[in-house]
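Quick note: residue numbers are just sequence positions, from 1.
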Amino acid sequence: MSKSNLLMITTLGLFLTITESMRFDLQSGHTKCISEDIKNSAITVGKYNAVNPNEGYPLPDTHKLNVRVTSPYGNNYHHGDQVDSGNFAFTAAEAGDYTTCFTAPDHKPETTVAIEFEWKTGVAAKDWSKIAKKEQVEVMEIELKKLLDTVTSINEEMFHLRVREEEMQELNQSTNSKMAGLSFLSLVVCLSVAGLQLWHLKSHFERKKLL
């Protein structure tokens, strides 16, 4: 694969995964977990809410949620008990799959809770309007900052892919070495067994005075 194609695929993947916005249904008594691969030191923000089935009326108690956000090593970054909405924001202290789990408490009769969830990481997690207001810079400068952050993210992603490729090459070399050693050992064992069989047959024929 050429470098230009790799860059195109990496860039496309970056923009496809940088913002995750969705709406899904959750049955009472069930849990749904959503994972996002986040790099170390990346900014992450998320917000969620249970959709009111009766607009204009208070949200039913059956639509309360338990929410928990955990790191790849099980560290807790956010939790909410019996909530109908919430948000979280943090800077990832470790790279890997971060997981957000939604649980709808058990109710009889069973109910279905519609949940809206938006999760942003990296460049998309930065509030550029606040930066513009604070620094009072021109629109072009803001766009350049966005571009710089995007290029930096692409560079980090390419470096991550290169490290993964080197790890895979080392694993392949190690596997090939082990397979070569195992093949040689198998050959030695087969030759040894064949030699023992010939020796045994020769001894047997000599005892029978056939040789």
Side-chain angles (χ1 to χ4, degrees), residues 8-130 146 149-150 153-154 156-161 163-165 167-168 171:
M8 184 180 298
I9 293 173
T10 303
T11 305
L12 180 61
L14 176 66
F15 283 102
L16 286 176
T17 60
I18 203 166
T19 303
E20 188 171 352
S21 182
M22 65 185 70
R23 177 170 175 164
F24 57 90
D25 292 334
L26 181 62
Q27 299 293 328
S28 58
H30 291 76
T31 298
K32 180 178 179 63
C33 294
I34 300 167
S35 296
E36 182 75 16
D37 185 15
I38 302 176
K39 297 188 292 293
N40 186 28
S41 300
I43 299 173
T44 297
V45 296
K47 61 180 179 180
Y48 56 87
N49 65 276
V51 179
N52 194 335
N54 304 310
E55 189 174 352
Y57 293 88
L59 186 74
D61 291 338
T62 56
H63 283 56
K64 299 293 184 179
L65 302 168
N66 297 329
V67 186
R68 187 171 299 274
V69 181
T70 55
S71 73
Y73 297 100
N75 297 319
N76 186 36
Y77 275 79
H78 171 80
H79 75 274
D81 294 327
Q82 293 294 300
V83 297
D84 54 34
S85 63
N87 55 73
F88 57 85
F90 59 87
T91 299
E94 54 209 32
D97 288 334
Y98 285 72
T99 304
T100 301
C101 291
F102 298 90
T103 301
D106 196 12
H107 292 285
K108 299 297 182 183
E110 189 178 74
T111 59
T112 299
V113 183
I115 302 171
E116 292 180 342
F117 179 44
E118 185 175 12
W119 198 349
K120 299 180 180 180
T121 63
V123 179
K126 292 188 176 181
D127 191 337
W128 290 101
S129 61
K130 290 183 179 179
K146 288 183 179 180
D149 266 25
T150 301
S153 298
I154 293 173
E156 291 176 353
E157 188 70 20
M158 292 185 68
F159 177 78
H160 176 69
L161 290 174
V163 171
R164 291 290 299 273
E165 182 181 0
E167 291 176 351
M168 289 300 297
L171 178 61

Arg164 side, atom CZ; Leu171 side, atom CG - distance, nearest 0.5 Å: 11.0 Å
From CG (Asp37) to CD (Glu157), nearest 0.5 Å: 7.5 Å
When rounded to the nearest 0.5 angstrom, what is the spacing between CG in Leu59 and CG in Asp84? 5.0 Å
With distance as the sole test, does Ser28 use its side chain to make a donor-acceptor pair with the main-chain N or O of Thr111 at under 3.5 Å? yes
For the CG atom of Leu161 and the CD atom of Glu156, what is their distance to the nearest 0.5 Å? 12.0 Å
Atom CD of Glu118 and atom CE of Met22: how far apart are they, to the nearest 0.5 Å? 10.0 Å
Please find the pair of heavy atoms, one from Phe24 and one from Ile34, that lie closest to each other, and give the distance. CE2-CD1, 3.7 Å
Got Val67 and Phe117 here, is their nearest side-chain heavy-atom distance under 4.5 Å? no
Of all heavy-atom pairs between Asn40 and Glu94, which one has the smallest distance, and what is that distance? OD1-N, 3.5 Å
If you take all heavy atoms of Asn52 and Tyr57, which pair is closest and at what distance? ND2-O, 2.6 Å
Minimum heavy-atom distance Lys64-Pro105, with the two atoms named: O-CD, 3.2 Å
Does one side chain, of Ser35 or Thr99, offer a donor that lies under 3.5 Å from an acceptor on the other? yes
Heavy-atom closest contact (Ile43 atom, Thr91 atom, distance): CG1-OG1, 4.3 Å
Considering non-hydrogen atoms only, spot the tightest contact between Ala50 and Val113 and give its length. CB-CG1, 4.0 Å
Between the side chain of Asn76 and the main-chain N/O of Thr70, is any donor-acceptor distance below 3.5 Å? no
With rounding to the nearest 0.5 angstrom, report the OG to CG distance, Ser85 to Leu65. 9.5 Å
Is the closest side-chain heavy-atom distance between Gln82 and Asn66 below 4.5 Å? yes
Find out whether Ile115 and Lys32 are in side-chain contact, i.e. whether some heavy atom of one side chain is under 4.5 Å from a heavy atom of the other. no
What orientation do Tyr77 and Phe90 show, parallel under 30°, tilted 30 to 60°, or perpendicular over 60°? tilted
Ring centroid separation Phe88 to Tyr98 under 6.0 Å: no
